[in-house]
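Let me begin by presenting the structure, written as structure tokens, before commenting on it.
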Amino acid sequence: MSRIDVLGVGIDNLTQKQAVERAFELIDEHRSAYMVTPNPEIVMAAWDDEQMSEAISSADLVIPDGIGVMQAARILGTPLKEHLPGIDVASEILRLLAEKNGSVFLFGARAGVAEKAAENLQKQYRGLVICGTNAGYDFDDAVLSEKINAANPDFIMVCLGVPKQEKWMADHAGKLNAGLMAGLGGSIDVFAGLTKRAPKSWQRLNLEWLYRTLCEPKRFKKIKKLPHFIIKAMRERAGNKNEKR
Ligand code: UDP
């Protein structure tokens with residue numbers, strides 16, 4: 001599958017339906033494949049970190065989670081089909097897994113949070129099997145791998161934040177008894193009810209990032225770098241045009 005290059009990171013150009021179909025093909029292959037969900041923070045992390053860059057380019061599925069990535073792709077003259085927030089794609093995967101009594105393992109967040117998320121998901125998606133949970137701090141990796149192998153999940157939500165989750169998935173790709181792993185940042189916190197997503201009206205206006213920053217001011221440091229990301233896309237576009245002249 002050819003990828004669209006957005007400032008050094010290849011992104012799969014798919015609709016949500018196509019992304020979910022691909023996710024289920026990977027789940028069926030059961031070879032612990034992984035999906036990453038780049039936003040500008042992830043793309044920028046890949047610029048200065050070779051291991052991160054490698055973790056993204058080796059992923060089996062790369063979906064554009066951030067609206068900044070959509071904007072940069074448009075500026076570069078290679079627009080992507082659809083903005084795909086990781087949590088939306090994951091929710092659709094969970095909904096469809098529930099229909100066939102598929103299983104999910106929740107990995108990440110502070111102690112007790114994944115269990116709360118499991119409780120809520122169980123109510124929301126009847127038929128879904130929550131086959132295990134593990135907090136994202138102070139875990140023994142060998143013990144965790146054994147726990148996952150025994151649980152044999154179709155889907156693993158890996159919520160350790162950037163870049164830990166991407167590197168963890170790259171390290172474990174092809175080594176676990178699991179279908180698909182997905183790096184989903186704060187999604188377990190959201191499913192547990194610990195943090196809230198932006199209201200739908202904000203999401204429609206592509207302002208979910210602003211809402212999250214207003215709710216968690218410590219995120220301001222992350223969005224401060226956004227203008228640099230967009231300016232880089234503009235410079236690259238101008239450079240490409242000049243080259244063609
Ligand atoms: N987290 C974790 N282990 C770590 C660092 C972070 O489990 O060593 C969790 C953290 O508790 C939170 C999630 O990873 O649940 C990251 O959330 P954040 O909203 O910062 O991620 P983003 O969506 O911005 O990548």
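The figures that follow rest on heavy atoms only: side chains count, while hydrogens, waters and symmetry mates do not. Along the sequence shown, the residues carry numbers beginning at 1. Order of listing sets the numbers, starting from 1, for every ligand and every atom in it.
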Nitrogen or oxygen contacts under 3.5 Å, ligand 1 side and protein side:
residue: ligand 1; atom: 1 (N); partner: Tyr137; partner atom: OH; Å: 3.1
residue: ligand 1; atom: 3 (N); partner: Gly136; partner atom: O; Å: 2.9
residue: ligand 1; atom: 7 (O); partner: Ala109; partner atom: N; Å: 2.8
residue: ligand 1; atom: 7 (O); partner: Cys159; partner atom: O; Å: 3.4
residue: ligand 1; atom: 8 (O); partner: Lys164; partner atom: NZ; Å: 2.5
residue: ligand 1; atom: 11 (O); partner: Tyr137; partner atom: OH; Å: 3.0
residue: ligand 1; atom: 14 (O); partner: Cys159; partner atom: O; Å: 3.1
residue: ligand 1; atom: 14 (O); partner: Gly161; partner atom: N; Å: 3.3
residue: ligand 1; atom: 15 (O); partner: Asp189; partner atom: OD1; Å: 3.3
residue: ligand 1; atom: 15 (O); partner: Asp189; partner atom: OD2; Å: 2.7
residue: ligand 1; atom: 19 (O); partner: Arg212; partner atom: NH2; Å: 3.1
residue: ligand 1; atom: 19 (O); partner: Arg219; partner atom: NH2; Å: 2.5
residue: ligand 1; atom: 23 (O); partner: Gly186; partner atom: N; Å: 3.2
residue: ligand 1; atom: 24 (O); partner: Arg219; partner atom: NH1; Å: 3.2
residue: ligand 1; atom: 24 (O); partner: Arg219; partner atom: NH2; Å: 3.1
residue: ligand 1; atom: 24 (O); partner: Lys222; partner atom: NZ; Å: 3.2

For the residue pair Phe107 and Phe139, does the interplanar ring angle fall in the parallel (under 30°), tilted (30 to 60°) or perpendicular (over 60°) class?
-> perpendicular
Please test Lys100 against Asp154 for salt bridge (charged side-chain N to carboxylate O under 4.0 Å, His left out), starting from the C-alpha separation and ending with a verdict.
-> CA-CA 11 Å; Lys100 44 168 117 172; Asp154 289 311; over 6 Å; no
Kindly confirm or rule out a cation-pi arrangement of Arg110 over Tyr137, judged by NZ or CZ under 6.0 Å from the six-membered ring centre and within 45° of its axis?
-> yes
How far apart are the closest heavy atoms of Pro64 and Val69, and which atoms are they?
->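 Reported closest heavy-atom pair: CB-CG1, 4.1 Å.
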Is it true that Glu21 and Lys17 make a salt bridge, defined as a side-chain N closer than 4.0 Å to a carboxylate O?
-> yes
Just how far is it from atom NZ of Lys147 to atom OG1 of Thr133, taken to the nearest 0.5 Å?
->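 So the gap between those two atoms works out to 5.5 Å.
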